[in-house]
Peer 1: 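To start, I am sharing the structure in question, which I have written as structure tokens.
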Amino acid sequence: MKKKQKRPWGVFIAILLAILFGSLVGDKAALFGITYYEMVDILGRLFLNALTLIVVPLVSSSIIIGVSRIGGEEDFKRLGTKMFGFYIGTSLLAILIGLFFVNLIAPGMGQLPHSEMPAHGLEGSGSSLLSTLMSIIPSNIVNAFSKGEMLGLIFFSLLFGYSISKIDSGPSATLKSFFEGLFQAMIRFTHIIMKFLPIGVFCLVAKVFMTTGIRSLGSVSLFLLTVLLGLVTFMFIALPLLLMWIGKVKPIRHFKAMSPALLTAFSTSSSSATLPITIECVEKRAKVSNRICSLVVPLGTSINMSGSALYECVAAMFVAQAYGIDLSLTTQFLVVVMALITSMGVAGIPSASLVAVLVILKTIGLPPEGIGLFIAVDRILDMCRTTVNVFSDSCCAILVAKTEGEKEVLASDPVYTPK
Ligand code: ASP
């Protein structure tokens with residue numbers, strides 16, 4: 001864990017150097033006949049390819065093991081309905097808050113010069129909504145996997161995970177351990193790619209500053225502000241209101257109970273790494289029963305990513321605004337649905353949302369390079385959205401526990417128990 005905390009510095013330094021380098025060098029300077037712009041462009045694309053490479057196995061294995069874990073439980077239906085209701089409800093709420101602020105502030109407007117905008121824009125995106133909906137149930141799963149069609153992949157993974165939980169225990173255990181292994185291997189794989197994050201960030205940010213110059217920092221800080229406003233509204237207003245109205249508990253007690261987990265989430269940028277502390281806080285400090293905590297928190301860690309969902313929505317809208325796309329209601333609806341669905345497939349590891357944003361950009365017909373517009377502030381926002389992800393998971397656990405009649409939950413101030 002100590003190693004991980006060093007990483008943001010590398011990324012921060014890479015960002016500063018890229019801003020300086022990009023602004024000073026511009027897009028014309030060359031070395032041995034190759035422009036610096038071409039160099040960072042190629043390396044940036046390679047980094048993006050590496051990120052995209054892990055999407056299919058990471059998302060599918062994460063969902064399959066998440067669902068296969070709870071599918072066999074006796075109370076599965078009732079608890080499952082409640083859990084998914086809260087997961088989807090809170091994530092949707094977060095996305096809508098993000099959508100509100102990104103429309104209000106419009107941080108992407110005027111971000112790119114006209115020459116950079118795609119010639120066709122989102123032409124035909126209305127009719128593509130139908131084909132997107134059709135792709136939810138693919139007729140050929142290998143085809144869906146090979147094309148990286150996320151909706152079909154998620155649909156298949158959900159049903160496959162559920163089916164695994166319903167078959168004989170022998171083969172079920174084999175499949176579970178296979179997908180658990182695949183998931184763990186993909187997490188390792190991600191860590192390897194993340195070692196190159198400073199280089200990838202440098203290239204993507206430098207490219208932006210070579211073409212748009214220092215003025216793009218203004219828009220990036222506006223993007224930062226938009227995301228932060230959304231996250232703060234969701235975490236400090238929306239979720240506490242839900243805790244009060246549905247859970248009938250004092251939100252301040254819950255903040256106190258969760259503080260160790262929230263600080264860990266902020267410093268590691270990984271809700272998976274924070275999971276053991278989240279469980280301890282929810283069970284020992286907020287007093288949720290083990291039966292509910294052991295089900296709601298781990299599953300929430302893999303599929304309830306409210307902060308990430310909000311971020312994905314704002315990021316995709318930001319890029320669309322920057323590319324001068326006409327953001328019709330259909331497009332915005334598509335972004336909301338995609339943010340909701342892809343956030344469920346986001347792994348609880350640093351920078352995982354970047355992959356989801358790539359998927360959304362692809363769906364609405366925008367170039368993947370678009371993420372270069374905001375990657376400079378991704379790391380700091382990752383720390384914040386991960387904290388929100390963890391807090392949202394813990395709130396879902398409280399809401400499920402309270403609606404299941406657990407009286408002990410947050411009945412008194414959490415007691416600090418030094419280790
Ligand atoms: N870092 C986030 C998490 O672990 C995922 C993301 O990139 O949004 O929760």
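Start at 1 and go down the list; that is how both ligands and their atoms are numbered.
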Peer 1: Run F255 and M235 through side-chain contact (heavy atoms from CB on, under 4.5 Å) and show every step you take.
Peer 2: CA-CA 10 Å; F255 278 107; M235 182 159 164; 4.0 Å; yes

Peer 1: Non-hydrogen atoms closer than 4.0 Å to ligand 1: which protein residues do they belong to? List them by chain and number, please.
Peer 2: S269, S270, S271, M305, S308, V346, A347, G348, I349, P350, S351, A352, S353, D382, R385, T386, N389

Peer 1: Restricting to non-hydrogen atoms, name the atom on L310 and the atom on G98 that form the minimum distance, rounded to 0.1 Å.
Peer 2: CG-CA, 3.9 Å

Peer 1: Anything under 30° is parallel, anything over 60° is perpendicular, the rest tilted; go ahead and classify F156 against F145.
Peer 2: perpendicular

Peer 1: Pairing donors with acceptors under 3.5 angstrom, does anything connect the side chains of Y311 and D382?
Peer 2: no

Peer 1: Under the salt bridge (charged side-chain N to carboxylate O under 4.0 Å, His left out) rule, collect the residues that match up with E180, sequence neighbours excluded.
Peer 2: R69

Peer 1: Just say parallel, tilted or perpendicular for the rings of F179 and F160, cut-offs at 30° and 60°.
Peer 2: perpendicular

